[in-house]
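Per chain, numbering begins at 1; letters A, B, ... match sequence-line order.
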Number of protein chains: 2
Amino acid sequence: MRLRKKNNDDSEAASGSSGGPRDERKLRTRRALMDAALELIQGERSFSSISLREVAKVAGVVPAAFYRHFSGMEDLGLALVDDSFRTLHTMMREARSAPLPPSNLIANSVATFLKYTQDHRPHFEFIAKERYSGSSAVRLAIRREIRLWTSELAADLAPFPKLKSFNGDDLRMMAGLVVNTVIAATELILDVDTKDTAEVARIHRNAEKQIMLIFLGAAAWKSQA
Amino acid sequence: MRLRKKNNDDSEAASGSSGGPRDERKLRTRRALMDAALELIQGERSFSSISLREVAKVAGVVPAAFYRHFSGMEDLGLALVDDSFRTLHTMMREARSAPLPPSNLIANSVATFLKYTQDHRPHFEFIAKERYSGSSAVRLAIRREIRLWTSELAADLAPFPKLKSFNGDDLRMMAGLVVNTVIAATELILDVDTKDTAEVARIHRNAEKQIMLIFLGAAAWKSQA
DNA sequence: TTTTTCAGTGAACACTTGTTGACTTATTTG
DNA sequence: CAAATAAGTCAACAAGTGTTCACTGAAAAA
């Protein structure tokens, strides 16, 4: 109990600190479990309706082995939230480091984002499905991440000259509106047949227009009115 | 098979056509099953994670009796979608028949709507949870209803003088934005402790501002730009 | 080399699950 | 009144559930 390290929760192997063949193997299985869950989520089923045993089976592992990595399904769910939003933050970092030209900025940003969600479908499908129907811990984690994302966007928006008249609260309010709109479009696209490019394009255009409408309103906004 | 009426799906009793003691009883049990499902949904669980047997138990009925009313859980889910949106349409009809004064119209509408969602929490919680995580049939049904709702709102919005410059498509686009915003606020409120009036008020104000921002943009909008 | 650690195994457990078929019993129908 | 209808009951089923425990065997530590 003192010097023993039980290490039931991957706290070490998850970060791949030492990197021996054993840690690597553990990491692989952990990923296999997470990927298995994401795979089972695709289409009809939701995370709360899949079983620990199914996840283990798809991951090619006996059910008991699951517990070497997660304390239960809820734990797995939280890990998937982290995983999914890491994906999102990576994208936003890339976007900032290679900024788009100011002309057609909105249309390009929307296109970039929606393209990204389609390329990482499993993660975003997981988020969309668990956002409201998951356990309260998972829901809370997702809401926290979205709030964070909203704040990031607000910070990115602040320098724009047209948004001078916004105070901090109202800027977050506006960013929240943009995030909501983008999320709604994402969720629609996820529910559409990938090959139905016409419908996907329609959703794109709609989201673009909606965000343009928001910015049009922003140009006329006066905080503390 | 010809003159026999098996009546496995409540098609008659659901509408309560004849109204005898038997039909009334059947209707009561049907409602009990639906209410049981809504009750089980409250809080942690989601519709896809509750079982037919649990629903039957809460409804005070043996599992086999469930099949006298619904062919399975998915069928129950579709019935709940209908039920929930009937609630919503009732509200919108009431709102139109007793129109609010034009001053503070937005703030009043938002307040009315959000109040309503809190008074019919189970229905709206069901919709929020199943919108993305339910079976495809249920998701489709919900999306269809939301689209309908959006069109209704667009029709209500059309007469406004400030929205002269909108064509039909763009009007639906704007209505969609408003609906999304209201839904997002609703979903946030449902996830907040009912007694946390400060947080509820914060969400109210935020939604109001967001919709005002949209209308501000609308006043500057030119369709087919 | 010997010992320790630990991811993964296999079997067993006590339950819950959806669905079935034959039944009872009150209402409806003729 | 007697016959038919059908909502609800009861018991049984095969299959799947989460969790446990003693185990094996390869990698890590000594």
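Within a 6.0 Å radius of CZ in Arg31(B), other residues, nucleotides and ligands contribute more than 12 heavy atoms.
Nucleotide dA28(D) holds its C1' atom 15 Å from the CD atom of Glu24(A), rounded to whole Å. Atom-to-atom, CZ of Phe66(A) to P of dT9(C) comes out at 14 Å; the value is rounded to the nearest Å. The distance between atom OH of Tyr67(B) and atom P of dC23(C), rounded to the nearest whole Å, is 21 Å. A straight line from NE2 of His69(B) to C1' of dG8(D) spans 8 Å, rounded to a whole angstrom. Atoms CZ (Arg31(A)) and C1' (dA7(C)) sit 18 Å apart, rounded to a whole Å. One interatomic measurement links the two molecules: CD of Glu74(A) to P of dT19(D), which rounds to 12 Å at whole-angstrom precision. The distance from atom CZ of Arg25(B) to atom C1' of dT9(D) is 11 Å, rounded to the nearest whole Å. Atom NZ of Lys26(B) and atom P of dT27(C) are 16 Å apart (whole Å).
Listed by first then second residue, pairs satisfying salt bridge (charged side-chain N to carboxylate O under 4.0 Å, His left out) with a partner in residues 133-142 of chain A read Arg139(A)-Asp191(B), not counting sequence neighbours. Legend: side chain to side chain donor-acceptor pair (under 3.5 Å) pairs involving residues 178-187 of chain B, not counting sequence neighbours, sorted by first then second residue: Tyr132(A)-Glu187(B). For residues 39-65 of chain A, the pairs satisfying ring-ring contact (aromatic ring centres under 6.0 Å, His included) are Phe47(A)-Phe126(A), with sequence neighbours left out.
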Result block: side-chain N/O donor-acceptor pairs under 3.5 angstrom for residues 49-65 of chain A, not counting sequence neighbours:
unit_1	atom_1	unit_2	atom_2	d
Ser49(A)	OG	Ser46(A)	N	3.2
Ser49(A)	OG	Ser46(A)	O	2.9
Ser51(A)	OG	Glu54(A)	N	3.1
Ser51(A)	OG	Glu54(A)	OE1	3.3
Glu54(A)	OE1	Arg45(A)	NH2	3.1
Glu54(A)	OE1	Ser51(A)	N	3.0
Glu54(A)	OE2	Arg45(A)	NH1	3.0

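Using a distance-only test at 3.5 Å, with no hydrogens or angles considered, no donor-acceptor pair links the side chain of Glu145(A) to the main chain of Asp82(A).
Arg205(B) contributes atom CZ, which lies 9.0 Å from atom CG of Asp169(A) (distance to the nearest 0.5 angstrom).
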Inset, instruction - May I have the step-by-step check of side-chain hydrogen bond (donor to acceptor under 3.5 Å, both in side chains) for Glu44(A) and Ser136(B), ending in yes or no? - result: CA-CA 6 Å; Glu44(A) 286 292 90; Ser136(B) 59; 2.9 Å; yes
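If you check residues 45-64 of chain A against DNA chain C, the residues with a heavy atom closer than 4.0 Å are Arg53(A), Val61(A), Val62(A), Ala64(A), listed by number.
The shortest non-hydrogen separation linking Glu130(B) to Ser48(B) is OE2-N, 4.1 Å.
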Tabulate atom names and distances for all N/O pairs under 3.5 angstrom spanning the protein and nucleotides 23-27 of chain D.
unit_1	atom_1	unit_2	atom_2	d
dA27(D)	N3	Arg22(A)	NH1	3.1

